[in-house]
A.B. asks: 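So that we are looking at the same thing, I have put the structure below in structure tokens.
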Amino acid sequence: MAASLTLKVAGSLRKGAGRPALGPRQTQMVRIIPARWLNLQEYQSKKIMADHGVTVQRFFVADNSQDALEAAKRLKAKEIVLKAQILAGGRGKGSFTSGLKGGVHLTKNPDDVGQLAKQMLGYNLITKQTAKEGVKVNKVMVAEALDIARETYLAILMDRACNGPVIVGSPQGGMDIEEVAATKPELIFKEVIDIFEGVRGDQALRMAANIGFKGPLQQQAAEEIQKLYSLFLKVDATQVEVNPFGETPDGQVVCFDAKINFDDNAEFRQKEIFSQDDISESDPLESEAAKYDLKYIGMDGNIACFVNGAGLAMATCDIIDLHGGKPANFLDLGGGVQENQVYQAFKLLTADPRVKAILVNIFGGIVNCAIIAHGITKACRELKLEVPLVVRLEGTGTPQTGSPSPKNRQMNFVPTISI
Amino acid sequence: MAHRGLLARLLVAVERSGVRHCYTGSRQNLYIDKATKVICQGFTGKQGTFHSQQALEYGTNLVGGVSPGKGGRSHLNLPVFNSVKEAKESTGADASVIYVPPPFAAAAIFESIEAEIPLVVCITEGIPQQDMVRVKHRLLRQSKTRLIGPNCPGVINPGECKIGIMPGHIHMKGRIGIGGDPFNGTDFIDCLDVFLKDPKTEGIILIGEIGGNAEENAADFLQQHNMGPNAKPVVSFIAGLTAPPGRRMGHAGAIIAGGKGGAKEKIAALQHAGVIISMSPAKLGSTIQKEFEKRKLL
């Protein structure tokens with residue numbers, strides 16, 4: 001369930017391992033990427049899939065043990081799986097502050113579900129991917145447990161190398177696909193999709209066959225693939241990953257687990273999906289920044305950065321590092337930044353106790369330096385800035401002769417022109 | 001950072017599908033000069049107005065703009081048209097710059113492709129990826145229109161023509177900013193091809209960032225086309241050495257995915273192709289100066 005699983009198809013570098021770089025042919029293979037974009041719980045993703053006709057296990061969601069018990073009875077399933085709903089992965093091997101071990105439980109008895117849910121809801125679940133104190137469980141998923149006879153892997157993504165959608169599949173599902181890509185690249189199959197044509201019938205069938213579906217199951221799998229692709233487009237996903245894309249003993253093709261990455265840029269037309277964003281497990285500073293449309297990523301150091309433009313922001317962090325410092329954050333103000341956002345960003349940076357100095361590096365193209373200057377001086381006056389502040393403002397809105405004059409000489413403020 | 005001589009600064013994310021498209025035929029449209037007739041899409045909007053004023057002050061040959069529903073009016077003493085087609089028919093425009101918000105920007109690009117505008121520069125950041133995939137599909141199968149961007153600062157031929165948001169006064173000759181989106185119209189290789197063939201270009205500065213494998217592809221291209229005694233000096237800065245993996249650093253395309261797309265690999269690939277790496281953007285100027293001196297090009 002980990003949102004941080006790293007996947008790369010076709011023999012290439014493993015996370016942290018030092019393998020030689022890919023040659024040109026290999027770099028043409030697709031790359032699955034993990035990303036911390038929109039955060040959806042498993043039940044939310046599965047509901048989106050179900051709404052688009054994709055076959056998932058029947059399920060209900062409950063936020064109290066009584067509802068969980070009733071849901072278990074309503075399912076009328078041979079076996080039930082109860083899953084704590086948190087964003088972090090590693091749930092199966094986690095443990096609750098209630099003492100219950102395991103965030104995922106299988107049982108044939110609906111009454112057990114009620115008992116187990118009582119020990120999950122309201123308690124923290126601690127896994128390898130959560131902080132030490134774990135994450136509070138507010139909801140559980142009560143689903144029909146289905147046996148998996150065979151597990152395959154299926155993903156659909158927008159691939160840069162192919163300039164469009166690609167379907168990637170492997171008969172080796174249920175495990176680390178990166179491992180498969182590294183050790184058995186011949187078991188990774190790819191179909192490049194024409195965005196205007198969609199998935200052709202022959203492509204869907206070929207992929208289904210390649211990943212091992214035989215007989216009537218091949219047609220079923222092909223249909224699921226079509227539905228997943230349709231979902232992929234409808235919700236502006238950048239990636240839909242189903243692992244395992246499974247086969248049950250009684251001949252059903254089911255998406256047992258899925259991770260969907262959504263394109264942030266499409267938020268304006270995907271309001272329903274983005275309104276479900278769960279920021280409870282996010283870095284609070286990052287969530288706060290997001291409220292003001294500031295792109296902020298926390299890092300380890302003590303020099304706060306305040307930059308316009310992502311490229312310059314990254315470069316600024318690099319330059320700090322190059323000179324022996326450590327950046328406390330990446331912050332891209334964006335081109336259309338307003339004075340209020342500048343003020344809020346400054347407030348954020350100065351609220352971080354680790355920050356020992358602030359570096360403002362602005363090269364105004366769309367951004368007008370005067371807006372930045374006003375926002376900063378307002379923030380400095382109100383927040384009684386105590387750490388040193390180094391400011392470089394260049395570009396649109398500055399007099400061509402050099403740096404802007406500081407409005408208040410009492411500020412501990414060092415104007416500078418070039419980086 | 002500006003430097004003497006004819007330097008080109010490239011900000012780019014490269015994708016190459018390995019299939020030859022007729023689109024490469026439009027590379028020469030990257031050349032702009034004081035005669036280039038430019039129209040502005042999103043002309044009467046806030047950004048369109050501001051940057052058109054800047055362009056006019058710079059001396060860009062802006063001949064009009066497009067704002068659907070406002071055709072027939074005058075804005076900044078220039079004609080406003082309802083569509084790109086009308087604008088082109090009336091002005092003979094060679095280029096268009098797009099300052100249209102994300103929900104409508106892809107449609108604006110399509111309109112320019114339909115009208116066969118030779119050069120389209122899209123400044124807009126935040127266009128949905130799916131929209132750009134469709135644009136790119138169309139773009140690759142034709143050769144009349146060259147797109148730069150989206151999410152880019154633009155292209156400038158200092159002293160002659162400025163199409164985009166870069167402040168004019170800091171530039172010396174020849175610069176193209178290609179942008180940080182994963183699906184875009186012009187890549188490193190497009191620019192390198194033009195600059196390597198351009199007799200007026202003596203050296204090249206290439207600025208890249210984490211994500212994708214544009215820089216690696218550019219390195220391959222340089223190995224094939226820029227080695228030996230006539231090779232032009234190429235200096236590069238790659239942003240994102242300190243970027244934590246798995247996080248999208250602002251730009252839609254700037255993400256290190258499971259060990260790939262990182263700055264270290266890009267730096268290694270470029271060095272292998274004879275590119276001199278500067279560890280700081282502030283040192284790019286002095287680095288290429290040193291290169292020129294070394295090769296006695298000064």
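Order of the sequence lines fixes the chain letters, A, B, ..., with proteins taken first and strands second; residue numbering starts at 1 for each chain.
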A.B. asks: Most heavy-atom pairs under 4.5 angstrom with chain A, which of B/P102, B/A269, B/G126, B/A268?
C.D. replies: B/G126

A.B. asks: Relative to chain B, which segment of A/I195 carries a heavy atom at a distance below 4.5 Å: side chain, backbone, both, or neither?
C.D. replies: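 For A/I195, backbone and side chain are both near chain B.
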
A.B. asks: Hey, mind stepping through B/D131 and A/R269 against salt bridge (Lys or Arg N to Asp or Glu O under 4.0 Å) and telling me if it holds?
C.D. replies: CA-CA 12 Å; B/D131 290 4; A/R269 62 187 188 204; 2.9 Å; yes

A.B. asks: Under the 3.5 angstrom rule, does the side chain of A/D263 hit a backbone N or O of B/Q129 as a donor-acceptor pair?
C.D. replies: yes

A.B. asks: Please give me the minimum heavy-atom distance between B/V133 and A/P165, naming the atom from each residue.
C.D. replies: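 So the minimum-distance heavy-atom pair works out to CG1-CD, 4.1 Å.
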
A.B. asks: Which region of A/A313, side chain (C-beta onward) or backbone (N, CA, C, O), has a non-hydrogen atom less than 4.5 Å from a non-hydrogen atom of chain B, or is it both or neither?
C.D. replies: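 For A/A313, neither part sits under 4.5 Å from chain B.
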
A.B. asks: Would you mind telling me which of A/L233, A/I320, A/V192 has the largest number of heavy-atom pairs within less than 4.5 Å of chain B?
C.D. replies: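 Most heavy-atom pairs under 4.5 Å with chain B: A/L233.
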
A.B. asks: Could you give the distance from CZ (A/R160) to NZ (B/K136), rounded to the nearest 0.5 Å?
C.D. replies: 9.5 Å

A.B. asks: Quick one: what part of B/L241 sits under 4.5 Å from any heavy atom of chain A, side chain, backbone, both or neither?
C.D. replies: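 When you check distances to chain A, atoms from both the backbone and side chain of B/L241 fall under 4.5 Å.
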
A.B. asks: Can you tell me if CZ on B/F104 sees more than 12 non-hydrogen neighbours from other groups inside 6.0 Å?
C.D. replies: no

A.B. asks: So which atom in A/G311 and which in B/A239 form the shortest heavy-atom distance, rounded to 0.1 Å?
C.D. replies: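 Smallest heavy-atom distance, with atoms named: O-CB, 3.8 Å.
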
A.B. asks: Identify the two heavy atoms, one from B/F237 and one from A/A315, that lie closest to each other, and give their separation to 0.1 Å.
C.D. replies: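 Scanning both residues, the minimum pair turns out to be CE2-CB, 3.4 Å.
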
A.B. asks: Got more than 12 heavy atoms from elsewhere within 6.0 Å of CD, A/E272?
C.D. replies: no

A.B. asks: Do you know which of B/R138, B/Q130, B/M279 has the most heavy-atom pairs with chain A at a distance under 4.5 angstrom?
C.D. replies: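 With the most close heavy-atom pairs to chain A, the winner is B/Q130.
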
A.B. asks: Between A/D159 and B/F183, what is the shortest heavy-atom contact and its length?
C.D. replies: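 Shortest heavy-atom contact: O-CE2, 3.4 Å.
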
A.B. asks: Can you give me the closest heavy-atom contact between B/G240 and A/D318, atom names plus distance?
C.D. replies: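 Smallest interatomic distance, heavy atoms only, reads N-OD2, 2.5 Å.
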
A.B. asks: Against chain B, label A/L331 side chain, backbone, both or neither, depending on which of its atoms sit under 4.5 Å from a heavy atom there.
C.D. replies: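 When you check distances to chain B, no heavy atom of A/L331 falls under 4.5 Å.
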
A.B. asks: Has A/D194 got more than 12 heavy atoms of other residues, nucleotides or ligands less than 6.0 Å from its CG?
C.D. replies: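 Yes, the 6.0 Å shell around CG holds more than 12 heavy atoms from other groups.
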
A.B. asks: From A/N163 CG over to B/M132 CE, what is the distance, rounded to the nearest 0.5 angstrom?
C.D. replies: 10.0 Å

A.B. asks: Shortest non-hydrogen contact from B/T242 to A/M299?
C.D. replies: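 Minimum heavy-atom separation between B/T242 and A/M299: O-CE, 3.1 Å.
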
